[in-house]
Asks: 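Provided herewith is a single structure, encoded as structure tokens, for subsequent inquiry.
Order of listing sets the numbers, starting from 1, for every ligand and every atom in it. When reading the values below, keep in mind they use all heavy atoms of this one structure, side chains included, and skip hydrogens, waters and symmetry mates. What you see is a predicted model; the values in this text were computed from it and never measured. For this chain, numbers begin at 1 and follow the sequence in order.
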Amino acid sequence: MSMIAAFYGGKSILITGATGFMGKVLMEKLFRTSPDLKVVYILVRPKQGQTLQQRVFQILDSKLFEKVKEVCPNVHEKIRAISADLNQNDFAISKEDMKELLSHTNIIFHCAATVRFDDHLRHAVQLNVTATQQLLLMASQMPKLEAFIHISTAFSNCNLKHIDEVVYPCPVEPKKIIDSMEWLDDAIIDEITPKLIGDWPNTYTYTKALGEVVVQQEGGNLNIAIIRPSIMGATWQEPFPGWVDNLNGPSGLIIAAGKGFLRSIRATPMAVADLIPADTVVNLTLAVGWYTAVHRPKSTLVYHCTSGNLNPCNWGKMGLQVLATFEKIPFERAFRRPNADFTTNNITTHYWNAVSHRAPAIIYDFYLRLTGRKPRMTKLMNRLLRTLSMLEYFVNRSWEWSTYNTEMLMSELSPEDQRVFNFDVRQLNWLEYIENYVLGVKKYLLKEDMAGIPEAKQHLKRLRNIHYLFNTALFLIAWRLLIARSQVARNVWFFIM
Ligand SMILES: CCCCCCCCCCCCCCCCCCCCCCCCCC(=O)SCCNC(=O)CCNC(=O)[C@H](O)C(C)(C)COP(=O)(O)OP(=O)(O)OC[C@H]1O[C@@H](n2cnc3c(N)ncnc32)[C@H](O)[C@@H]1OP(=O)(O)O
Ligand SMILES: NC(=O)C1=CN([C@@H]2O[C@H](COP(=O)(O)OP(=O)(O)OC[C@H]3O[C@@H](n4cnc5c(N)ncnc54)[C@H](OP(=O)(O)O)[C@@H]3O)[C@@H](O)[C@H]2O)C=CC1
């Protein structure tokens, strides 16, 4: 019997960010392994015209929850969606709901965050710092609370090269930042943002670092742990391989490469690609929840959920495997044949952006105009280039994350728990994982049918022929011009003839 699964039985659990990528995988695992848990409160906001209930049903109706419905048929009764907006005071939770949350919650998993790199500092502070502060305040009023698990990111200290499992101080105290956001207007915040974030690459990583300091400073007597995952990717094993449902991290780039839009990326092939599957993160999170509640460590423990120091893979190997998978499992209706490459300096990056990204987009838009359609490729390409520029920071550096606490926790688990809540990334076979990841992107993100693979292959053949035809025509035109202008070229031509 799994001790961790048994621990969550009968518990009331509060999850923020349950509608996000990690939140869904977390809920799924909780219900599958501890179907006898009492209730999962989720803080949800209405979105895109959907009510809370519609959002919950949409999640439960997805393939991700198929196994859960078998082991826990009344799962919908055990999810209690509470209307909440983490940007509002007291999260805009009604008095009755607040009373229920405060009196029943046993465990909190705080996953909600804005993960956009370019978010305005005011919004990023509100969600990643102030909301964390408010949640801690709520937690301090929960008499039955056993553990508060805060999800941060391994990149919260990406301004350092070697990162230990400790909370590092920030140059400006979070309280001062929170206060200043209240009275500074947007224009001034825009002006001071680069100075405030200093050597952090974006507002996301900076505010996640501030969030950790808030957790440490304002955690009081709470039983707290911080988890720092690196780049969360599709699921490795559970509930099935390859599940992913958003474009963050590598997923969006896999689509862009598979559809032939992305032809080159400024990345260092030897830099460590510190990906971590979402189910590994969730298994560690649940194990940490159990350990924190049962063993009550004296101080706030930080757990790195990373792969680089235990089972490293680099971007070069990952890129090659992604491309190899496209050969077997191509995406439908590609714009060009998938054939991306890495560049390593500014000059080649600008060159390939002009030749391989902008020029084909302009030519295609010209063709769309000629055929009476609305041009769209240049706009799409500009967005892709902007996304690439934001991700570049993370694919041209390597970090070392120590994992003492994570390894300590692994050794504390019973063999059964090590199996059920496996977060030992040493067992991960990268080539297999990446292949399943690409397959998952095709099935669950692009919603493409596997039956369409022969047609997709045919389409790629047609693109290859067009490519050859285009290159031959280009060569002949260049050669014709050369012959007309140069005696040497003419002599070579007659010699060959
Ligand atoms: C040797 C041979 C080699 C061969 C080589 C072959 C290579 C071939 C294979 C290539 C694969 C292998 C290499 C992979 C490298 C991966 C690097 C990952 C590093 C991640 C580090 C993460 C570290 C931190 C981890 C964390 O701790 S947290 C989680 C991380 N957080 C994020 O990843 C949010 C990022 N995103 C944003 O920050 C916003 O998205 C924003 C970008 C500002 C746009 O923002 P904006 O343009 O305003 O608008 P959107 O609505 O957002 O998107 C607008 C449009 O862009 C699309 N799109 C949004 N995203 C992405 C995305 N990623 N990738 C692509 N497209 C995206 C969206 O579909 C929409 O398309 P459309 O609808 O127009 O068609
Ligand atoms: N994805 C990754 O690669 C990594 C993620 N992390 C961390 O993991 C955690 C989860 O990330 P992930 O699941 O990928 O992120 P997602 O963007 O998929 O999910 C974010 C969640 O936060 C919720 N949320 C955002 N704003 C509000 C708000 N104002 N009120 C209520 N809820 C809100 C979202 O709700 P809604 O559905 O309504 O938008 C969603 O449920 C985050 O803390 C992130 O920093 C750490 C390392 C890597």
Side-chain angles (χ1 to χ4, degrees), residues 14-28 41-52 54-56 58-59 64 81-93 108-117 119 122-132 134-135 149-158 163 202-212 214-215 226-235 243-253 273-282 284-285 302-307 390-391 394 399 401 437 445:
L14 168 62
I15 303 180
T16 70
T19 51
F21 176 45
M22 175 180 176
K24 287 179 209 161
V25 183
L26 178 65
M27 269 207 294
E28 193 280 335
Y41 296 112
I42 59 175
L43 302 189
V44 195
R45 51 181 175 169
K47 207 179 179 187
Q48 288 162 352
Q50 284 185 310
T51 62
L52 303 195
Q54 283 168 329
R55 292 197 73 186
V56 173
Q58 195 183 30
I59 294 173
L64 182 72
I82 290 185
S83 176
D85 183 346
L86 272 64
N87 284 324
Q88 309 286 326
N89 256 348
D90 285 338
F91 301 158
I93 297 177
I108 297 177
F109 294 109
H110 178 35
C111 306
T114 167
V115 302
R116 288 186 67 93
F117 294 156
D119 223 344
R122 184 194 299 287
H123 184 244
V125 167
Q126 172 59 44
L127 209 57
N128 296 347
V129 192
T130 316
T132 302
Q134 278 204 46
L135 193 64
I149 310 303
H150 174 75
I151 310 300
S152 185
T153 164
F155 296 94
S156 56
N157 300 290
C158 58
I163 302 157
N202 51 44
T203 53
Y204 168 68
T205 47
Y206 174 63
T207 53
K208 289 298 274 188
L210 290 174
E212 289 185 6
V214 160
V215 168
I226 296 175
I227 296 176
R228 289 188 186 144
S230 47
I231 304 169
M232 224 184 295
T235 54
W243 187 81
V244 57
D245 85 334
N246 72 22
L247 293 163
N248 290 339
S251 311
L253 290 193
D274 209 300
L275 246 69
I276 190 85
D279 47 341
T280 307
V281 178
V282 159
L284 174 71
T285 303
V302 178
Y303 298 86
H304 280 160
C305 192
T306 53
S307 56
M390 302 235 168
L391 301 181
F394 301 96
W399 287 267
W401 287 279
Y437 194 158
L445 263 178

Asks: Out of A113, S251, S152, who gets a non-hydrogen atom closest to atom 7 (C) of ligand 2?
Replies: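 Closest candidate by heavy-atom distance is S152.
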Asks: Is it true that a side-chain atom of N128 and a backbone atom of T114 form a donor plus acceptor pair closer than 3.5 Å?
Replies: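 Pair found, side chain donor or acceptor close to backbone of T114.
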Asks: Looking at every non-hydrogen atom in both residues, tell me the closest pair between N87 and H123 and how far apart they are.
Replies: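 For N87 and H123, the tightest heavy-atom pair comes out as ND2-NE2, 3.4 Å.
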Asks: With a 4.0 Å cut-off on heavy atoms, is G249 touching ligand 2?
Replies: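 No, G249 has no heavy atoms under 4.0 Å from ligand 2.
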Asks: Is the contact between A154 and ligand 2 made by the side chain, the backbone, both, or neither, using heavy atoms and a 4.0 Å cut-off?
Replies: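 The answer is neither.
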Asks: Against ligand 2, does Q126 come closer than 4.0 Å with any heavy atom?
Replies: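 The answer is no: ligand 2 sits nowhere under 4.0 Å from a heavy atom of Q126.
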Asks: Between R45, K47, H123, flag the one that comes closest to atom 25 (C) of ligand 2 by a heavy atom.
Replies: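 Of the listed residues, R45 has the closest heavy atom.
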Asks: Checking contacts here: is it the side chain or the backbone of V44 that comes within 4.0 Å of ligand 2, counting heavy atoms only? Could be both or neither.
Replies: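 Under 4.0 Å from ligand 2, V44 contributes no heavy atoms.
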Asks: Of the side chain and backbone of F155, name the one, both, or neither that has a heavy atom under 4.0 Å from an atom of ligand 2.
Replies: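 Within the 4.0 Å criterion, F155 makes no contact with ligand 2.
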Asks: Which of the atoms in ligand 2, numbered in the order shown and given with their element, are less than 4.0 Å from a heavy-atom of K208?
Replies: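 Answer, ordered by atom number: 42 (C), 43 (O), 44 (C), 45 (O).
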Asks: Near I151, which atoms of ligand 2 are under 4.0 Å from a heavy atom of that residue?
Replies: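 Answer, ordered by atom number: 7 (C), 8 (O), 9 (C), 43 (O).
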Asks: May I ask you to identify, for L43, whether its side chain, its backbone, both or neither come under 4.0 Å of ligand 2 on a heavy-atom basis?
Replies: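 Contact part for L43 vs ligand 2: neither.
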Asks: Rounded at 0.5 Å granularity, tell me how far CG in L391 sits from CG in L253.
Replies: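 One finds 5.5 Å between CG of L391 and CG of L253.
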Asks: Does ligand 2 have an atom under 4.0 Å from some heavy atom of N87?
Replies: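 It does; at least one heavy atom falls under 4.0 Å.
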Asks: Side-chain polar contacts of residues 15-23 - donor-acceptor pairs under 3.5 angstrom, sequence neighbours left out - could you list them?
Replies:
unit_1	atom_1	unit_2	atom_2	d
T16	OG1	H110	ND1	2.7
T16	OG1	C111	N	2.9
T16	OG1	A112	N	3.0

Asks: Any side-chain to backbone donor/acceptor pair from K208 onto N157? Under 3.5 Å, distance only.
Replies: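 Answer holds: no.
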Asks: Would you please classify the geometry between the W399 ring and the F155 ring as parallel, tilted or perpendicular, with 30° and 60° separating the classes?
Replies: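 Perpendicular.
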Asks: Nearest heavy atom to atom 47 (C) of ligand 2 wins, so pick from C305, G233, S230.
Replies: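 Minimum heavy-atom distance to atom 47 (C) of ligand 2 goes to S230.
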Asks: Would you give the length of the straight line joining atom CD1 of I82 to atom CD1 of I42, rounded to the nearest 0.5 angstrom?
Replies: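 One gets 9.0 Å once the value is rounded to the nearest 0.5 Å.
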Asks: Please could you name the atoms of ligand 2 that N246 approaches to less than 4.0 Å, counting only its heavy atoms?
Replies: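 Taking each heavy atom of N246 in turn, ligand 2 has 18 (O) under 4.0 Å.
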Asks: Kindly give the heavy-atom pair with the smallest separation between R45 and L52, and that separation in Å.
Replies: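 Residues R45 and L52, closest heavy atoms: C-CD2, 3.8 Å.
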Asks: What closest approach, in Å, do S230 and A154 show between heavy atoms, and which atom pair accounts for it?
Replies: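 Smallest heavy-atom distance, with atoms named: CA-CB, 3.8 Å.
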Asks: Which heavy atom of P250 sits nearest to which heavy atom of Y437, and what is that distance?
Replies: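 Of all heavy-atom pairs spanning P250 and Y437, the closest is CD-OH, 3.8 Å.
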Asks: Could you check whether T285 and Y303, counting side-chain N and O atoms only, form a donor-acceptor pair closer than 3.5 Å?
Replies: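 On atom types as modelled, these side chains do not qualify, holding no pair under 3.5 Å.
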Asks: Find all atoms of ligand 2 within a distance of less than 4.0 Å from any non-hydrogen atom belonging to F21, and give their numbers and elements.
Replies: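 Counting from 1, the qualifying ligand atoms are 13 (O), 14 (O), 18 (O).
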Asks: List ligand 2 atoms under 4.0 Å from V115, heavy atoms only on the residue side.
Replies: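 Counting atoms of ligand 2 from 1, those under 4.0 Å from V115 are 15 (O), 17 (O), 44 (C), 45 (O).
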Asks: Has ligand 2 got any nitrogen or oxygen that is less than 3.5 angstrom from a nitrogen or oxygen of I231?
Replies: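 It does not: no N or O of I231 is found under 3.5 Å from an N or O of ligand 2.
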Asks: Donor-acceptor pair, T235 side chain versus W243 backbone, under 3.5 Å?
Replies: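 Yes; judged by distance alone, with no hydrogens or angles, the pair exists.
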Asks: Given Q88, M232, Q50, which one has a non-hydrogen atom that is nearest to atom 5 (C) of ligand 2?
Replies: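 Ranked by closest heavy atom to atom 5 (C) of ligand 2, first place is M232.
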Asks: Measure the distances from the heavy atoms of Y204 to every atom of ligand 2 and state whether one is below 4.0 angstrom.
Replies: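 Heavy atoms of Y204 do come under 4.0 Å of ligand 2.
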Asks: Measuring from atom 16 (P) of ligand 2, which candidate in G211, G20, P46 has the nearest non-hydrogen atom?
Replies: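 That would be G20.
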Asks: For the 3.5 Å polar cut-off, considering only N or O atoms, please tell me whether L127 and ligand 2 meet it.
Replies: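 So ligand 2 has no N or O lying under 3.5 Å from an N or O of L127.
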Asks: Taking V56's backbone N and O only, do any of them form a donor-acceptor pair with Q50's side chain (distance below 3.5 Å, no angle check)?
Replies: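 Here the side-chain-to-backbone pair does not exist.
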Asks: Identify, by atom number and element, the atoms of ligand 2 in contact range of T153, meaning under 4.0 Å from any of its heavy atoms.
Replies: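 Result: 46 (C), 47 (C).
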Asks: Can you list the ligand 2 atoms lying under 4.0 Å from a non-hydrogen atom of C111?
Replies: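 Under 4.0 Å from C111, ligand 2 has these atoms: 9 (C), 10 (C), 42 (C), 43 (O).
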Asks: Taking heavy atoms and a distance under 4.0 Å, where does R55 meet ligand 2: side chain, backbone, both or neither?
Replies: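 The side chain, only.
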Asks: Which of these, I15, T306, L86, L247, has its nearest heavy atom closest to atom 32 (N) of ligand 2?
Replies: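 The residue whose heavy atom sits nearest atom 32 (N) of ligand 2 is L86.
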Asks: To the nearest 0.5 Å, what is the distance between CD1 on I163 and NE2 on H304?
Replies: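 Rounded to the nearest 0.5 Å, the CD1-NE2 separation comes out at 6.0 Å.
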